[in-house]
Protein chains: 2
Amino acid sequence: MIERHLAKLRARGQVSAEEEQAIRSAVSETREYAADQIVVPAFQDQDHSTLLLDGFMCRFKDMRNGQRQITELHVPGDFVDLHSFTLKYLDHEILALTPCRAAFVPHQNLQRITDDFPRLTRLYWFGTNLDGAIHREWEVSLGRRSARARLATLFSELQIRLGIVGLADDTGYDLPLTQSDVGECLGLTNVHVNRTLRELREDGLMEFQSGRVTVLDRPGLWRAGEFDPRYLYLQQRTR
Amino acid sequence: MIERHLAKLRARGQVSAEEEQAIRSAVSETREYAADQIVVPAFQDQDHSTLLLDGFMCRFKDMRNGQRQITELHVPGDFVDLHSFTLKYLDHEILALTPCRAAFVPHQNLQRITDDFPRLTRLYWFGTNLDGAIHREWEVSLGRRSARARLATLFSELQIRLGIVGLADDTGYDLPLTQSDVGECLGLTNVHVNRTLRELREDGLMEFQSGRVTVLDRPGLWRAGEFDPRYLYLQQRTR
DNA sequence: CGCATGCTTGATTTCCGTCAAGCATAGTGG
DNA sequence: CCACTATGCTTGACGGAAATCAAGCATGCG
């Protein structure tokens with residue numbers, strides 16, 4: 001059930017059998033979410049964190065005029081709101097973009113992990129810092145990159161993150177999002193996302209059609225986005 | 001020496017006398033930095049973290065065309081690269097924007113804290129999560145807000161963060177940065193920053209001249225930026 | 001079949017970037 | 001003490017990337 005989560009952890013650090021057992025016993029119930037359902041509301045105290053097992057979720061912040069900015073996409077295996085353990089409430093919503101399945105981990109159980117397993121605690125701390133690194137890369141996209149480069153970076157990032165949990169290969173991956181969703185990640189309108197996707201397709205770099213991303217020229221796509229995967233911390237180390 | 005750091009911690013959580021002692025004894029040497037000096041280079045393994053005591057630093061990422069995006073500003077009391085403790089290397093540079101003084105904390109000493117002080121560990125974990133929350137708010141600015149709103153948000157954020165460590169009051173604060181620095185935070189050119197600052201000045205909201213920010217109408221400034229300080233987590237709670 | 005949702009393309013507008021030049025200030029050195 | 005220079009601020013003219021507005025098309029579902 002939490003195999004993808006363990007795969008994500010073990011891609012960056014070590015997890016002993018004892019620690020794995022601690023994680024497994026920390027999980028309580030499992031829930032299903034419909035597409036467009038709010039999973040964690042903003043500004044309300046939380047007593048548990050949520051482990052995404054299946055589907056795609058996002059973090060987003062609303063603006064008064066109805067626009068929204070998605071600040072991170074989440075893939076299966078991600079602890080979507082682990083930061084609520086120390087923050088207590090979230091400064092943003094968590095939304096299911098597609099039908100999702102997720103597991104609850106009560107903060108009480110996380111507290112026990114931090115009391116008894118310092119190394120695992122540091123690995124989870126690393127996890128939230130990795131979210132921070134992704135935020136920073138998105139800041140660069142939003143602040144300085146062209147629409148073309150933003151798209152190239154986003155789809156390159158997802159290929160790696162989904163690959164770690166076995167949901168992407170060299171040819172591409174399933175991504176059941178709309179062009180509007182992508183626009184809300186990148187600070188672009190759906191119209192401009194559409195035009196720019198056509199450009200990338202015509203240049204033979206990638207396609208994004210009917211919920212599937214096809215990567216035609218990975219090096220070319222990386223170049224188009226000035227993509228450097230080091231911000232994803234892809235080495236197994238002692239954290 | 002680390003009074004501002006303790007003030008920042010205690011604004012959000014509790015620090016016992018014993019924990020305070022652990023922090024104090026974790027600090028090793030102190031260093032000075034000149035303006036424009038790199039404090040922590042990107043992509044190089046670190047064996048210590050850096051506590052900013054005086055001056056302003058920033059995190060930034062370079063682009064191939066020479067542009068840079070500042071992803072966060074740091075004020076005295078901030079642990080500018082606490083995340084290197086679990087990340088091992090940083091995905092960005094840390095730069096002194098003004099002459100600075102900073103203290104070193106070897107990762108070995110942080111390791112001891114995480115082994116012996118779970119509550120303090122969670123408070124430091126909170127600290128890096130707070131950086132993440134600031135990143136998210138900046139993503140909203142960079143992705144969706146007008147130049148005017150971006151400036152209003154940034155200067156409002158700094159007034160609060162500097163106020164916590166006694167470096168800002170209701171009238172304003174010293175901020176010895178250039179208009180180009182501000183532009184690199186907000187994804188704007190120095191030219192457009194200049195024009196927009198004039199607008200905010202003419203509207204009687206704020207001034208930014210010769211290294212000093214004067215807040216003339218705080219509610220108006222907050223409104224102009226749709227500023228909501230809850231993302232700064234300004235309550236003292238058990239973390 | 002009818003409707004909703006999302007994709008696609010064109011025409012026009014706007015915010016901000018680029019380029020350029022002048023000005024102010026402060027620090028330097030003859 | 002006063003050129004001289006560097007750095008940063010200010011303003012104007014022009015250009016461009018993406019937004020907005022609008023309409024038609026494709027797809028899927030009840």
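Numbers restart at 1 for each chain; the letters A, B, ... are given by sequence-line order, proteins then strands.
- The closest side-chain donor-acceptor pair between A:Asp181 and A:Thr178 falls under 3.5 angstrom.
- What separates CG of B:Leu151 from C1' of C:dC15 is a distance of 14 Å, to the nearest Å.
- Proximity of residues 204-215 of chain A to DNA chain C (heavy atom under 4.0 angstrom from any strand atom) is not detected for any residue.
- Heavy-atom distances under 4.0 Å link DNA chain C to no residue of residues 172-179 of chain B.
- Per the geometry, CG belonging to B:Leu197 stands 15 Å off C1' belonging to C:dC16, to the nearest Å.
- With the end axes of the helix from C:dC1-D:dG30 to C:dG30-D:dC1 each set by five pairs, the angle from one to the other reads 30° at 10° resolution.
- Neither OP1 nor OP2 of D:dC9 sits under 4.0 Å from any side-chain N or O of B:Asn194.
- Rounded to whole Å, the distance from CZ on A:Arg201 to P on C:dC7 is 12 Å.
- When the ring-ring contact (aromatic ring centres under 6.0 Å, His included) test is applied to B:Phe56, no partner is found at least two apart in sequence or on another chain.
- Annotation: cation-pi pair B:Arg230/A:Phe43 present, NZ/CZ under 6.0 Å from the ring centroid and within 45° of its normal.
- Counting only residues at least two apart or on different chains, the side chain to side chain donor-acceptor pair (under 3.5 Å) pairs with a member in residues 70-80 of chain A are A:Lys8-A:Asp78, A:Arg59-A:His74, A:His74-A:Asp78, A:Asp78-A:Arg161.
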Completion exercise
With sugar-phosphate taken as primed atoms, P, OP1 and OP2 and all else as base, the protein-contact string of nucleotides 12-30 of chain D at under 4.0 Å (heavy atoms; B, S, -) is BB----BSBB---------
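- Looking only at atom types and distance, the side chain of B:Gln179 has a donor-acceptor partner in the side chain of B:Asn194 under 3.5 Å away.
- Cation-pi geometry between B:Arg68 and B:Phe60 is satisfied (NZ or CZ under 6.0 Å from the ring centre, within 45° of the ring normal).
- Using a 4.0 Å cut-off between charged nitrogen and carboxylate oxygen, B:Arg212 and B:Asp174 count as a salt-bridge pair.
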